[in-house]
Amino acid sequence: MKNVKKMLLIGVLATASIIGSGCGKSDTSTGSTATGETTAKESKVEETTKKPAKKKEFEYGVTLGTIGGMDLMADREFPKAGYFGTNELVLGFEENKGEPASCFYQRECTDKTSAEEVWHVEYSEDLEKIPGILKGLTTLWDDFVADDRLFYMYSAQQYEVIVDNTEKVTYNGVDFIKEEGHIDVTRKDPSNTRYPELVRGKYIAYYYFSPEGAGSNPADDNQGYGMGMAIWGVRPVDMSDEAEAKTMEENYEKLKKSTTASMETLISLDDYWKIDKKFY
């Protein structure tokens, strides 16, 4: 019964927009769209093998589809990292006091049916293609700039997702495409001075493929299989405000360290279900 309750808690967290979304069908309504064309620096490929941390418990356990589970404990370095709201409740770490999130974590895992019939994007098991395809999940990317818990983007503004760097990394025997980039929000009409000229947020995404039936138990497929993405980011800020811009850059540098620390805890689902996990 204890394990059942824990699994139910995982399900609740997985549906929260600021913590992450699972593999169910998603709302396809969109505001502005992220462009499929990105200006990226020359990609570099680097094989890194990280041994999973040998821990008896996880401070904040989450699953990555069928490939395993990890600990988001490092995100607690950000006082507001875990905050998310609902219509009637404010959930998250006590120190947030209901304030908007300063950074976010979200995950998405999309099977073939959802990709083609809900998101209307192609489906692929080729890891190299997945990052470009998942850029087409426009509702998900909209959430990062259209949600007033992070930044409320007005209809007079538009945004673009720009890739700065990509590399191939490996954790616990699983390959990922790691992507660093930024999201720029600009005016549709430059003469409209009611809105900031440039609002910028930054993100770090790990793309992966989560095979169906990869877990030792058929129920592990409930964690999601297909094209996957785990993404962290910092709240978009008005770049004309030097203090805000400086804080965002500082938070991003901290976020890069915390995401790596979390990814290095990746273990198989078999091992994940055996350890103690805490939820906040």
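Just so you know, these numbers come straight off a predicted model, no measurement behind them.
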*Asks:* Using side-chain hydrogen bond (donor to acceptor under 3.5 Å, both in side chains), reason through Asp220 and Tyr225 one step at a time and then give a plain yes or no.
*Replies:* CA-CA 9 Å; Asp220 286 339; Tyr225 56 87; over 6 Å; no

*Asks:* Would Val62 and Tyr105 count as a side-chain contact (heavy atoms from CB on, under 4.5 Å) if you check the C-alpha gap in whole Å, the side-chain angles of each, and the deciding distance to 0.1 Å?
*Replies:* CA-CA 11 Å; Val62 295; Tyr105 166 77; 4.1 Å; yes

*Asks:* Distance from Phe151 atom CZ to Tyr159 atom OH, nearest 0.5 Å?
*Replies:* 12.5 Å

*Asks:* Is the side chain of Tyr208 donor-acceptor paired with the backbone N or O of Ala230 at a distance under 3.5 Å, no angle test?
*Replies:* no

*Asks:* So Ile177 and Ile130, do their side chains get closer than 4.5 Å, heavy atoms only?
*Replies:* no

*Asks:* Evaluate the side-chain proximity of Phe176 to Leu64: yes if any heavy-atom separation is below 4.5 Å, no if none is.
*Replies:* yes

*Asks:* Measuring from Glu179:CD to Met229:CE, what's the distance to the nearest 0.5 Å?
*Replies:* 9.0 Å

*Asks:* Between Asp184 and Arg200, is there a donor-acceptor pair closer than 3.5 Å when you use the side chain of the first and the backbone of the second?
*Replies:* no

*Asks:* Say you draw a straight line from NZ of Lys188 to OH of Tyr154; how long is it, rounded to the nearest 0.5 Å?
*Replies:* 14.5 Å

*Asks:* Would you call Lys257 and Glu253 a salt bridge, taking side-chain N to carboxylate O under 4.0 Å as the test?
*Replies:* no

*Asks:* Contact between Glu108 and Leu137 at the side-chain level, heavy atoms closer than 4.5 Å - yes or no?
*Replies:* yes

*Asks:* Nearest 0.5 Å, what's the OG-CE distance between Ser114 and Met227?
*Replies:* 9.5 Å

*Asks:* Mind checking the CZ-CD1 spacing from Arg107 to Ile231? Nearest 0.5 Å is all I need.
*Replies:* 14.5 Å

*Asks:* Below 4.5 Å, heavy atoms only, C-beta onward: do Lys178 and Thr260 meet side chain to side chain?
*Replies:* yes

*Asks:* For atom CD of Glu197, decide whether the heavy atoms of other residues, nucleotides or ligands shown that lie under 6.0 angstrom number more than 12.
*Replies:* no

*Asks:* List the atom of Ser191, the atom of Asp189, and the distance in Å for their closest heavy-atom pair.
*Replies:* OG-OD1, 2.7 Å

*Asks:* Between atom CH2 of Trp119 and atom OG1 of Thr138, what is the distance when rounded to the nearest 0.5 Å?
*Replies:* 7.0 Å

*Asks:* Keeping the roles fixed (side chain from Ser210, backbone from Thr66), state whether a donor-acceptor pair exists under 3.5 Å.
*Replies:* yes

*Asks:* Check for a donor-acceptor pair, side chain of Ser262 on one end and backbone N or O of Asp71 on the other, with a separation under 3.5 Å.
*Replies:* yes

*Asks:* In this structure, is the centre-to-centre distance between the rings of Phe144 and Tyr203 below 6.0 Å?
*Replies:* no

*Asks:* Would a distance-only check, ignoring hydrogens and angles, find a side-chain to backbone donor-acceptor pair under 3.5 Å from Tyr195 to Thr186?
*Replies:* no

*Asks:* Could you go through the side-chain contact (heavy atoms from CB on, under 4.5 Å) check for Val118 and His120 one step at a time?
*Replies:* CA-CA 6 Å; Val118 179; His120 303 294; over 6 Å; no

*Asks:* Applying side-chain contact (heavy atoms from CB on, under 4.5 Å), run through Val121 and Lys135 and close with a yes or a no.
*Replies:* CA-CA 9 Å; Val121 297; Lys135 291 289 195 310; over 6 Å; no

*Asks:* Does the side chain of Pro211 reach to within under 4.5 Å of the side chain of Ile67, using non-hydrogen atoms?
*Replies:* yes

*Asks:* Salt-bridge test for Lys202 and Glu180: reply yes if a basic N is under 4.0 Å from a carboxylate O, no otherwise.
*Replies:* no

*Asks:* Where do Ala156 and Asn192 come nearest, in terms of heavy atoms and distance?
*Replies:* CB-ND2, 4.2 Å

*Asks:* Measuring only between side-chain heavy atoms, which start at C-beta, is Met248 closer than 4.5 Å to Arg235?
*Replies:* no

*Asks:* Kindly determine whether Glu250 and Lys254 satisfy salt bridge (charged side-chain N to carboxylate O under 4.0 Å, His left out), including the steps that lead there.
*Replies:* CA-CA 6 Å; Glu250 290 173 348; Lys254 294 178 183 177; 5.9 Å; no

*Asks:* Hey, are the side chains of Trp273 and Thr63 touching, using non-hydrogen atoms and a 4.5 Å cut-off?
*Replies:* yes

*Asks:* So do the side chains of Tyr123 and Thr113 get within less than 4.5 Å of each other, counting heavy atoms only?
*Replies:* no

*Asks:* Kindly give the heavy-atom pair with the smallest separation between Pro196 and Gln157, and that separation in Å.
*Replies:* CD-NE2, 4.0 Å

*Asks:* Mind listing the closest non-hydrogen atom pair of Leu140 and Gln106 along with its distance?
*Replies:* CG-NE2, 3.4 Å

*Asks:* Does the Trp232 side chain pair with the main chain of Tyr206, one donor and one acceptor, at a distance under 3.5 Å?
*Replies:* no

*Asks:* Closest approach of Asn172 and Ser268, non-hydrogen atoms and distance?
*Replies:* ND2-N, 3.4 Å

*Asks:* Please name the pair of heavy atoms, one in Ala214 and one in Asp221, separated by the smallest distance, quoted to 0.1 Å.
*Replies:* N-OD1, 4.3 Å

